[in-house]
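Here is the structure we will look at.
We name chains A, B, ... by the order of the sequence lines, and we start the count at 1 in each one. Reckoned from all heavy atoms, side chains included, excluding hydrogens, waters and symmetry mates.
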Amino acid sequence: MSRIRVVEILRSETSPGHITVKGWVRTKRDSKAFSFLELNDGSCLGNLQIVADASLPGYEEAVVPARTGASIEVEGTIVASQGEGQKWELQASRVVLVGAAPEDYPLQKKGHTMEFMRSIAHLRPRSNLFGAVFRIRSRMAYAIHQFFQERGFVYVHTPIITGSDCEGAGEMFRVVTMEGETMRTGGDEFFGKPTYLTVSGQLEGETFACALSNIYTFGPTFRAENSHTSRHAAEFWMIEPEVAFCDLDGDMALAEEMVKDLVNDALVNCAEDLDFCNRFVDKGLIERLEFVRDRAFERVSYTEAVALLLASGQTFEYPVEYGHALQSEHERYLTEHHFRCPTTVYNYPKEIKPFYMRRNDDGKTVAAMDLLVPGIGEIVGGSQREERLEVLLANLREQGLEESAYDWYVDLRRYGSVPHAGFGLGFERLLMFVTGVGNIRDVIPFPRTPGTAEF
RNA sequence: UCCUCUGUAGCUCAGCGGUAGAGCGGGUGGCUGUUAACCACUAGGUCGUUGGUUCGAUCCCAACCGGAGGAGCCA
């Protein structure tokens with residue numbers, strides 16, 4: 001008999017009748033005459049309650065040893081439950097123990113700390129929270145493709161191994177080939193030159209935007225920063241759209257629309273899992289997501305933001321000063337106290353931003369933007385790109401960068417240059433925002449952070 | 001890289017200058033259409049590592065290792 005998924009049964013209006021389910025035992029309650037088993041197969045948060053009479057053939061061999069963590073296959077009839085707490089239950093006619101779980105199975109029927117769960121990352125998806133988080137992660141990945149595909153964006157796979165050693169977006173991991181235990185470098189490089197793991201697909205993405213108009217990338221990104229925070233990982237996923245014939249306003253509008261769309265998608269399609277997060281992770285989660293979906297985001301220029309912070313009367317650990325980057329505490333004040341909603345800050349001083357951002361007419365600022373959300377900070381960083389050849393070359397020189405290394409990038413400005421803009425959205429930061437989970441390590445299946453590459 | 005906190009049973013923690021306890025989990029028995037079930041009994045620990053102080057250290061000190069939070073950097 002073919003297997004039916006638990007989610008289908010739990011959502012069924014009428015009894016699916018005689019069926020087979022397969023999954024893992026979450027808990028079991030024995031009585032003399034029968035056992036209750038809670039079966040979860042990962043198709044949804046909820047478990048299916050199974051009633052197994054002690055008179056079943058094979059009860060001793062299959063049901064008795066089917067303790068928490070064991071995998072089983074059960075055939076039987078779905079009937080309305082006599083007990084409180086569930087609509088349907090499975091009256092078993094046959095139970096097969098597929099894989100036993102000894103009594104040292106680490107996941108107990110109690111709350112565990114997130115730290116402990118990280119130490120058993122191979123088993124934590126079997127818990128309620130991590131099952132929910134990773135179903136949401138999957139759905140959000142799908143929703144991202146849907147968002148862009150519906151708007152005519154082309155998905156581009158930019159390289160993971162890159163030779164651009166000064167993308168300016170952070171410390172990079174070096175790619176080398178091994179000769180036994182020694183690394184082959186110098187004049188004997190596999191690629192003929194030093195290569196690195198990408199820190200951004202933006203520069204390559206721009207080339208495709210200047211051909212296919214609207215593109216996006218969605219893939220792994222690597223930073224070798226020695227960061228020990230709840231918001232940084234060495235390996236994470238990033239979404240980077242790039243749009244030709246687009247200015248900063250269009251860029252900001254796209255970022256805001258995207259965040260709203262993804263939040264809405266989660267509310268609609270991950271309701272049960274979000275409800276769990278709302279109850280056990282962050283009590284205000286759903287209210288906040290609905291707020292983000294329904295209300296317009298705030299927009300302020302960097303100059304206005306600085307004035308606002310100076311006028312706030314707040315004492316900050318780092319003083320607010322025009323020309324300096326906004327500190328975490330400043331961003332937090334804006335999103336969590338002043339506006340109390342997602343906020344886009346734009347037009348930053350050119351000195352604190354990279355060479356490729358478009359110089360504004362005031363000569364002092366560039367057309368950059370950061371979308372900040374309460375609780376997390378920057379979730380999107382983007383800009384209109386400098387499309388004027390002479391200005392771009394001047395920027396390269398001003399920042400002491402080797403012009404020849406960016407030859408192909410500069411070519412975009414030599415041949416049919418167009419105004420264009422784009423941004424990067426940290427996938428995991430979005431997930432933290434959507435699930436309320438406070439640590440990036442808990443929205444990545446097997447997180448890589450300094451000193452940790454287990455599993 | 002810097003600052004702070006932390007490391008005691010499988011898990012979560014308490015404790016004390018004279019070598020340790022609880023709850024949960026595990027095991028055994030009982031009971032019940034149960035649902036983080038309940039009741040009784042029971043087994044688990046060279047108190048992160050290495051030095052130092054001391055008659056004596058799990059407890060005090062130092063270094064190291066691991067974990068967490070914050071800062072910077074950013075996504």
[X] near the nucleic acid: base, sugar-phosphate alone, or nothing, with a heavy-atom cut-off under 4.0 Å?
X        : result
A:His232 : base
A:Glu38  : base
A:Thr113 : sugar-phosphate
A:Thr449 : nothing
A:Ala233 : base
A:Gln49  : base

Most 5' of A:Ile379 and A:Ser230 on RNA chain B, judged by nearest nucleotide: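 The 5'-side residue here is A:Ser230.
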First encountered from the 5' end of RNA chain B, between A:Asn226 and A:Glu84: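 Its nucleotide being nearer the 5' end, the pick is A:Asn226.
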Rounding to the closest angstrom, what is the interatomic distance between [N] and [M] at atom [atom1]?
N     : M     : atom1 : answer
B:G15 : B:U53 : C1'   : 23 Å
B:C11 : B:C3  : P     : 30 Å
B:G44 : B:G27 : C1'   : 11 Å
B:A63 : B:G23 : C1'   : 36 Å
B:C24 : B:A37 : P     : 12 Å
B:G18 : B:C61 : P     : 16 Å
B:A14 : B:U50 : P     : 24 Å
B:A75 : B:C16 : P     : 48 Å

Under the side-chain hydrogen bond (donor to acceptor under 3.5 Å, both in side chains) rule, what pairs show up with a residue in [range], not counting sequence neighbours?
range                       : result
residues 48-62 of chain A   : A:Arg29-A:Gln49, A:Ser35-A:Tyr59, A:Gln49-A:Glu89, A:Asp53-A:Gln91
residues 333-346 of chain A : A:Glu256-A:Thr344
residues 436-450 of chain A : A:Arg118-A:Asp442, A:Arg124-A:Asp442, A:Asn439-A:Arg441

What nucleotide among [options] has an atom nearest to a side-chain atom of [X]?
X        : options             : result
A:Arg223 : B:A37, B:C74, B:G72 : B:C74
A:Phe116 : B:A71, B:A75, B:U12 : B:U12
A:Gln91  : B:C11, B:C73, B:G33 : B:G33
A:His228 : B:U12, B:G70, B:U35 : B:G70
A:Glu115 : B:A75, B:U34, B:A68 : B:A68
A:Gln86  : B:A75, B:G67, B:U35 : B:U35

Any salt bridge between [X] and [Y], counting N to O under 4.0 Å?
X        : Y        : result
A:Arg26  : A:Glu38  : no
A:Glu398 : A:Arg359 : yes
A:Glu242 : A:Arg385 : yes
A:Asp282 : A:Arg288 : yes
A:Asp370 : A:Lys353 : yes
A:Lys364 : A:Glu351 : no

Min side-chain heavy-atom separation [X]-[Y] under 4.5 Å:
X        : Y        : result
A:Ile19  : A:Glu75  : no
A:Tyr348 : A:Thr365 : no
A:Glu204 : A:Tyr409 : no

Base [N] paired with [X] side chain (donor-acceptor, <3.5 Å):
X        : N     : result
A:Arg29  : B:C38 : no
A:Arg231 : B:A75 : no
A:Glu89  : B:G33 : yes

Within residues 137-151 of chain A: residues closer than 4.0 Å to RNA chain B (heavy atoms):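 Result for residues 137-151 of chain A: none.
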Tell me the interatomic distance from [X], atom [atom1], to [N], atom [atom2], rounded to whole angstroms.
X        : N     : atom1 : atom2 : value
A:Asn439 : B:G70 : CG    : P     : 8 Å
A:Glu235 : B:A75 : CD    : P     : 17 Å
A:Lys353 : B:C73 : NZ    : P     : 11 Å
A:Leu90  : B:U34 : CG    : C1'   : 16 Å
A:Phe316 : B:G70 : CZ    : P     : 18 Å
A:Phe34  : B:U34 : CZ    : C1'   : 7 Å
A:Gln202 : B:C74 : CD    : P     : 14 Å
A:Asn40  : B:A36 : CG    : P     : 16 Å

Give each protein N/O atom lying under 3.5 Å from an N/O atom of nucleotides 25-28 of chain B, with the pair distance.
residue, atom, partner, partner atom, Å
B:G25, O4', A:Gln108, OE1, 3.3
B:G27, OP1, A:Arg67, NE, 3.4
B:G27, OP1, A:Arg67, NH2, 3.0

Aromatic rings [X] and [Y]: how do their planes relate, parallel, tilted or perpendicular, breaks at 30° and 60°?
X        : Y        : answer
A:Phe276 : A:Phe280 : tilted
A:Phe218 : A:Trp237 : perpendicular
A:Tyr216 : A:Tyr155 : parallel

Which nucleotides of RNA chain B pair, in dot-bracket form (Watson-Crick or G-U under 3.5 Å, | meaning another strand): (((((((..((((....[..)))).(((((.......))))).....(((((..]....))))))))))))....
Syn or anti conformation of B:G44, syn meaning chi within 90° of 0: syn
Stacking check A:Phe427 vs B:A75 (5.5 Å / 30 deg):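 It does not: the two rings, one from A:Phe427 and one from B:A75, miss the stacking criterion.
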